[in-house]
Amino acid sequence: MPNLKNDLLLRAARREPTERTPVWMMRQAGRYLPEYRAVRAKADFLTLCKTPELAAEVTIQPVDLVGVDAAIIFSDILVIPEAMGMELLVEEGKGGPRFPTPLRSTADIEKLDAAAAPERLQYVYDALSTTKKQLDGRVPLIGFAGAPWTLASYAVEGGGSKNFETVKGMLYDAPEALHALLGKLADATAEYLVLQTRAGADIVQIFDTWAGILSKDAFLEFSLPYMMRIIEHVKANSDVPVIMFAKGANTDFPELAASGADVLGLDWTVDIGEVRDAVGTQVALQGNMDPVALYSSPESIRAEVRRILEYFGNNPGHIFNLGHGILPTVPPAHAKAMIDAVKEISVEIRAEEQE
Ligand code: CP3
């Protein structure tokens, strides 16, 4: 990997041996850091995403402050539906981002402009190239996008949801409409990720946050094939590894491992050693500490890190992470305790088993 002083993440993603286990955290650039809140006090969330200098600043904060082995570009998965023509609102204290005019009909879906979306996201590519320059090879830079199924859930529900009855209504009553929407989201996202790699992303992650609300059949029909379409396009047009995080899709490891992804992200409910046994050496694994464990004492955090590293064992292909995003009220010192523990204990484990 030219010009990278720390390429542990990329080697682990390719299942090459590493001196220690690389570690980063989903949502690592965010509200648990006072330094992030200070930048956010000056700009609303979407302005932050759309101002490359500010996005680069908060992207690099966790590298400096907690010592992660990668930076993930500061942005959001919902910029894709926005770039396809949907109005996106992120208002203070209103329960997360929302689409005030959600998709409800085939006509709504037909209006979405998938072809124009990738070029409308120039601010993301500018944030990536600015960040890449400022990182100066210290750690790899992760690009990302939402999975078509997760994006469709937000675009059809209009925001977060408890039971997802509107998008599931479409799934059961109008599957052709949902397939049309998923196809458009996949096409836009595939090209978006390729353009992210051209702007400096060393690796990309697909977030399927809502994979786990689908039945097995529905996941295999409405989510996985669209992620595979994206992976195929990224692989055909770049040489970066792809991480697929299908949260809660825990009955589908053989299918996930055969998807073309280099790395599978795991939530905290599974035993990473059992998953490793199930998928063999086809893919690397990322995860999988319970994000809520970061509220416990540094000693308990260390014990939990050790447990996960030992379950994975002294094998290539582990990227340590949380099983979902870090929560906004976690003390930064606890995040740092986890990261330091991964760095120290993974070296011990490698030494022990070589004796
Ligand atoms: O990981 C990182 O640090 C990079 C930045 C990043 C954000 N969102 C910033 C953000 C990433 C990778 C995301 C992905 C994302 N966005 C997902 C998938 C990952 C996951 O956590 O499941 C989803 C579902 C979204 C949609 C989204 N954006 C929601 C539901 C929310 C509100 C909930 C919340 O955590 O506040 C957002 C807003 C958002 N995206 C914030 C951040 C830092 C908080 C906004 C703020 O600063 O006020």
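Just follow the structure's listing: the first ligand is 1, and inside any ligand the first atom is 1. Please read these numbers as outputs of a predicted model, since none were measured by experiment. Values reported hereafter were calculated over all heavy atoms of this structure, with side chains retained and with hydrogens, waters and symmetry mates removed.
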Original post:
Taking only residues two or more places apart in sequence or in another chain, which ones pass side chain to side chain donor-acceptor pair (under 3.5 Å) with Lys50?
Top reply: Glu82

Original post:
For Asp136, does its backbone N or O pair with a side-chain atom of Lys5 as donor and acceptor, under 3.5 Å?
Top reply: yes

Original post:
So, Asp187 and Arg229, do they make that salt bridge, N to O below 4.0 Å?
Top reply: yes

Original post:
Who are the ring pair (Phe, Tyr, Trp, His ring centres under 6.0 Å) partners of Phe99, not counting sequence neighbours?
Top reply: none

Original post:
Which residues pass the ring pair (Phe, Tyr, Trp, His ring centres under 6.0 Å) test with Phe253, sequence neighbours left out?
Top reply: none

Could you give the N/O to N/O pairs under 3.5 Å linking ligand 1 and the protein, each with its distance?
unit_1, atom_1, unit_2, atom_2, d
ligand 1, 1 (O), Arg27, N, 2.8
ligand 1, 3 (O), Gln28, N, 3.1
ligand 1, 3 (O), Ala29, N, 2.9
ligand 1, 3 (O), Ala29, O, 3.4
ligand 1, 8 (N), Arg27, NE, 3.3
ligand 1, 8 (N), Asp76, OD1, 3.2
ligand 1, 16 (N), Arg27, NH2, 3.4
ligand 1, 16 (N), Asp76, OD1, 3.0
ligand 1, 16 (N), Asp76, OD2, 3.4
ligand 1, 21 (O), Arg27, NE, 3.4
ligand 1, 21 (O), Arg27, NH2, 3.4
ligand 1, 21 (O), His324, NE2, 3.2
ligand 1, 22 (O), Thr209, OG1, 2.7
ligand 1, 22 (O), His324, NE2, 2.6
ligand 1, 28 (N), Asp76, OD1, 2.7
ligand 1, 35 (O), Arg27, NH1, 3.0
ligand 1, 35 (O), Arg31, NH2, 2.8
ligand 1, 36 (O), Arg31, NH1, 3.0
ligand 1, 36 (O), Arg31, NH2, 2.7
ligand 1, 40 (N), Asp76, OD1, 2.8
ligand 1, 47 (O), Tyr36, OH, 2.5
ligand 1, 47 (O), Arg40, NE, 2.9
ligand 1, 48 (O), Arg40, NE, 3.4
ligand 1, 48 (O), Arg40, NH2, 2.7

Original post:
Ion pair present between Glu304 and Arg307, side-chain N to carboxylate O less than 4.0 angstrom?
Top reply: yes

